[in-house]
Amino acid sequence: MATLKVREVTKRFGGLVALDRVNLSVEERELRGIIGPNGAGKTTLFNLITGELKPTGGKIFLDDEDITGLPPHLICQKGLSRTFQLTSIFPELTVYESIWVGINSKRHRWNPFTKVKNLTDVAERAEKICHLIGLQEKRDELAVNLSYGDQKILEIGMALSTEPSILLLDEPTQGVSPKEAEEIIGVIQRLAKDITVILIEHSVDVVLQVCHKVTVLHEGRVIAEGDPAEISKNEEVQRVYLGEA
Amino acid sequence: MKRGFTFLLVISLLVLGLILPRGARSLMVQMMAFSIFAMAYDISLGFTNQCSLGHSVFFGAGAYGTILPMLHWHFGVLPSVFIGFLLGLVLAFLTGLISVRLSEAYFVIVTAIFSAIFHLLAMDMTWLTGGDDGLSVTLPKIGFGPLKLSLYHPLGTYYFVLAFLLAGYLALRTIVGSPLGMIFVAIRENEKRTAFLGYNVRTYKLIAFLISGTFTALSGGLYAVSLRYATADFFSLYWSIIPIVWCLVGGLGTLIGPCIGVALMSLFQYYVSAWWTYYLVIFGVLILLILRVSRRGILGYFIGRGARGGWRL
Ligand SMILES: Nc1ncnc2c1ncn2[C@@H]1O[C@H](COP(=O)(O)OP(=O)(O)O)[C@@H](O)[C@H]1O
Ligand SMILES: [Mg+2]
């Protein structure tokens, strides 16, 4: 069972209330969308869930285990993995190596007396993920030399490499070409068949199209939650988005 | 091809000991001892991006850890070198425990403070260290069963240090090519991302620092053996800065690169300082020039930017 529960979580930055008593429950194998205007607190929510920031108040549970305030590496080991809005990759590692590092974290870890290439199970799994995300032909390219779109895909691959039960994606299609965006959405849909995915997306259309359930954040509060049909009819959501435009 | 290159290098090192004239051979001994230092330092700077200014602590500790047991308790050379090595491990653990949790800038400052404290202590505790004048020691023979190796024989020290250089290279090479080495490089490339992939970055940085400090102490011990002497000056900031120069010049993030840096800088120092006292000026200009041409030092220039295997060499 991989369920995530966010209970009454608040985050203040000085006087600014970035998140205000937010509640969120995500079921196993759900593809959840999170939308909201810029500055709504979406990234902050991910930062709290994954341990980058500690909440000012409230609790976060993974499968009923309290994970509030744990450091990022422990939260990752418990099966929560994320990507970053501003891509965060290993510039001078190859695609294959970047993914290898994530896979290794759950397996052999650090034995200084074996050779990297002797860990065949890690290697096999790394190849598989390169395939899954469609970067197998670029597996030996340095991450820094990839196109921005491919870097975004690599990020998803890296997040996947830790074998998470819940994957958090922060605007994975931001700044890429429409064609690449389509590929990325395709990858996400494939993933969502096996694991829980929480997707922050700028494009409301994409979210309404692919997600099972959508949460709308505005000024640090959840203003609406429901299936895509309900959300597209919701008046407050329309007002927020029209107001922004 | 790479294997052939390594083989050739080892052979030429073995032969050089026999054919070099006396002066050049002792310069070579010094370069080999420093090469261990340079590679060890790169585990910290080039592999995990920890720019330490505290390595003189380990260098000095290695030197005294090796000299003192021979001087006071008539230990053999090998056990003494091992004690120096262990002393480096202990000090790297204590200083690392405090410093690896700090952010980059504070790490630099705090390690520099360690260097300053140890230098002051070593200068002050003349009863232990001999202060500026240092301590000289007579080296006992090393016995391998009935065979006795004297480090006073012209070739003795050369092959003694060479053996440690090769062993040190192999050990570090193994680590760098292992999963642990890959984790180090990941931390260098993006510390935050490594944490979010499930690694306790602090622990791994500490491990790198330990390896680095310990092998630095080994280098200090060997250098002291080759001089039959140790001085409080080994703790001075100079010995914290010079390895940075070696690594930058030769090529960060590799093992061979820093050795090239050592060779170049030592030869330069040896020949140029003889005819110009202000050789350090040329030294500085040379470093800037090399880095201007290739940000990744000399080796980086030859293997190309971001070449695969750059960090594997
Ligand atoms: N580390 C931080 N320190 C101070 N303010 C922050 C920090 N992170 C986010 N904020 C503020 O919190 C608000 C929400 O930001 P964010 O979560 O990034 O929004 P979103 O991802 O929905 O665009 C913004 O007003 C932002 O300026
Ligand atoms: Mg954001």
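Per chain, numbering begins at 1; letters A, B, ... match sequence-line order.
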Heavy-atom count around [X] [atom1] within 6.0 Å, excluding the residue itself: above 12?
X	atom1	value
A:Phe13	CZ	yes
B:Phe82	CZ	no
A:Leu86	CG	no
A:Gln136	CD	yes

Minimum side-chain heavy-atom gap [X]-[Y] below 4.5 Å:
X	Y	result
B:Pro179	A:Thr114	yes
A:Ile89	B:Arg193	no
A:Cys76	B:Tyr199	no

Q.
Just to verify, what does A:Arg82 make a side-chain hydrogen bond (donor to acceptor under 3.5 Å, both in side chains) with, not counting sequence neighbours?
A.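 Result, side-chain hydrogen bond (donor to acceptor under 3.5 Å, both in side chains) vs A:Arg82: A:Asn47, A:Thr50, A:Glu52.
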**Q.** Selection from B:Val201, B:Asn200, B:Thr174 maximising heavy-atom pairs under 4.5 Å formed with chain A
**A.**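 Ranked by heavy-atom pairs under 4.5 Å with chain A, first place is B:Asn200.
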Q: State which residue, out of A:Phe90, A:Phe84, A:Phe46, fulfils the ring-ring contact (aromatic ring centres under 6.0 Å, His included) condition with B:Phe196.
A: A:Phe84
(Q) So which residue, A:Pro71, A:Ala159, A:Ser88, ends up with the most heavy-atom pairs under 4.5 Å with chain B? (A) A:Ser88
Q | With sequence neighbours excluded, residues passing ring-ring contact (aromatic ring centres under 6.0 Å, His included) with B:Phe184 | A | none
(Q) Distance check, rounded to the nearest 0.5 Å: B:Ile183 atom CD1 versus A:Trp100 atom CH2? (A)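 One finds 6.5 Å between CD1 of B:Ile183 and CH2 of A:Trp100.
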Q | A:Lys106 side, atom NZ; B:Leu197 side, atom CG - distance, nearest 0.5 Å | A |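 Going from the NZ atom of A:Lys106 to the CG atom of B:Leu197 covers 11.0 Å.
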